[in-house]
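All remarks here apply to the structure that follows.
The chain is numbered in sequence order, starting from 1.
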Amino acid sequence: MGYTVAVVGATGAVGTRMIQQLEQSTLPIDKVRLLSSSRSAGKVLQYKGQDVTVELTTEESFEGVDIALFSAGGSVSAKFAPYAVKAGAVVVDNTSYFRQNPDVPLVVPEVNAHALDDHNGIIACPNCSTIQMMVALEPIRQKWGLSRVIVSTYQAVSGAGQSAINETLREIKEVVNDGVEPKDLRADILPCGGDKKHFPIAFNALAQMEEPELPVSATCVRVPVLYSHSESVYIETKEVAPIDEVKAAIAAFPGAVLEDDVANQVYPQAANAVGKRETFVGRIRKDLDVANGIHMWVVSDNLLKGAAWNLVQIAETLHERGLVRPTKELKFELK
């Protein structure tokens, strides 16, 4: 017997890619249910060449569902994920809503698949920028330890959804074709739909600062790239790590691809990462002043490894570990 898998937010930028990833998945799937808001319910999408009608997400949508993959916004996950768990499904959530919940494991399968073992029905995906950085840093942490991380992210507009992609393309057209000055463009979404203020992204870069508890500091910048996030990462290891060995460790790590031949202009590029599941790492070099300091450049498709593929990969890992099962106790409030 195969699983019934629900995709919540099926018509969105991540949802459509979740469907594609499920088509290629090793999961034994009998049926896929596509769920959305009232705005998209009734649309017909394809799954393995078959028409599937998108249904409205309701409290009753999850009867008979084994795995529910959510990427429809935090408010949707907050409301409907507990109903999915109550119905017997395991939820994998791509929003920020459950990331800080102590009852919810935050998982990148290459890094901490063991955290799934005691799940209570909901598993959260980290932020897309965090996912790719963890794939790059975990092989270093395992061998030499980490004492400090400083990262500057250069995030594609698709991280803010399909509407942000549309806004970017409109702005570029208005500048190139209509002669509008970038500063005079109308912005409704970027850098993030939930922000109080919005700024044009065309021919611009939007910097926002976030500094959680040290030793990790991050500066996040939205750039006019449609797909794939790039990161400049500086780390300090607990033990001095030879660069050749660092490169070898990254090259051998699952999900990571070493692209580091600067003399021949081989390094990770956002355009080349589009449509690929891997995380690409290059420009790995010693800091000139700090003995245990290392710099690197990390790139990955934010809608695949940063979202859709990580979700499906978690589902595959749950299946492999025999963890697709109802929880013993509902720990999440029904709203």
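Few gaps surround NZ on Lys79; more than 12 heavy atoms of other groups in view lie less than 6.0 Å from it. For Arg277, the CZ atom is densely surrounded, since the number of other residues' heavy atoms within 6.0 Å is greater than 12. Lys86 NZ: 12 or fewer foreign heavy atoms inside a 6.0 Å radius. Other residues, nucleotides and ligands place more than 12 heavy atoms under 6.0 Å from the CG atom of Asp184.
Counting heavy atoms from C-beta outward, Lys276 and Asp301 have side chains that stay 4.5 Å or more apart. Under the 4.5 Å side-chain criterion, counting only non-hydrogen atoms from C-beta, Val135 is in contact with Phe253. Between Ile284 and Ile243, some side-chain heavy-atom pair lies under the 4.5 Å cut-off. Looking at heavy atoms from C-beta onward, Thr11 lies in side-chain contact with Val54 at the 4.5 angstrom threshold. In this structure the side chain of Val107 reaches within 4.5 angstrom of the side chain of Pro105, judged on heavy atoms.
The closest donor-acceptor contact from the side chain of Thr168 to the backbone of Ala202 lies at 3.5 Å or more, if one exists at all. Put simply, the side chain of Ser61 gets close to the backbone of Thr58: a donor and an acceptor are under 3.5 Å apart. Put simply, the side chain of Thr317 gets close to the backbone of Gln313: a donor and an acceptor are under 3.5 Å apart. Of the possible donor and acceptor atoms, one in the side chain of Arg99 sits under 3.5 Å from a partner among the backbone N and O of Asn94. With hydrogens and angles disregarded, a donor-acceptor distance shorter than 3.5 Å links the side chain of Glu316 to the backbone of Thr26. With hydrogens and angles disregarded, no donor-acceptor distance shorter than 3.5 Å links the side chain of His319 to the backbone of Tyr3. Panel note: side chain Asn264, backbone Val266; no donor-acceptor pair is recorded below 3.5 Å. In this structure a side-chain-to-backbone donor-acceptor pair under 3.5 Å is present from Arg222 to Ala156. Using modelled atom types, one side-chain atom of Gln132 and one backbone atom of Val298 make a donor-acceptor pair closer than 3.5 Å.
The NZ atom of Lys247 lies 9.5 Å from the CD1 atom of Ile250; values are rounded to the nearest 0.5 Å. Residue Leu303 holds its CG atom at 7.0 Å from OH of Tyr227, rounded to the nearest 0.5 Å. For the atom pair Leu190 CG and Ser163 OG, the distance stands at 8.0 Å (nearest 0.5 Å). To the nearest 0.5 angstrom, His295 atom NE2 is 10.0 Å from Ile235 atom CD1. The structure places CG of Leu45 at 5.0 Å from CD1 of Ile19, a figure rounded to the nearest 0.5 Å. Interatomic distance, SG of Cys128 versus CG of Leu304, reported as 11.5 Å (0.5 Å rounding).
When ring centroids are compared, Phe62 and Phe70 come within the 6.0 Å threshold.
By the side-chain hydrogen bond (donor to acceptor under 3.5 Å, both in side chains) test, Arg33 is found to be paired with Glu55, residues two or more places apart in sequence or in another chain being considered.
Between Trp297 and Tyr154, the angle of the ring planes lies from 30° to 60°, which puts this pair in the tilted group.
Side-chain atoms of Glu23 and Gln46 include no donor-acceptor pair closer than 3.5 Å.
Summarising the hydrophobic clusters (Ile, Leu, Val, Met, Phe, Trp, Tyr; side-chain heavy atoms under 4.5 Å, direct or chained), the residues clustered with Val290 are Ile150, Tyr234. Residue Phe203 shares its hydrophobic cluster (ILVMFWY side chains chained together at separations under 4.5 Å) with Ile172, Val175, Val176, Val180, Leu185.
Under the 4.5 Å side-chain heavy-atom criterion for grouping Ile, Leu, Val, Met, Phe, Trp and Tyr, Val108 is connected to Ile140 within one hydrophobic cluster.
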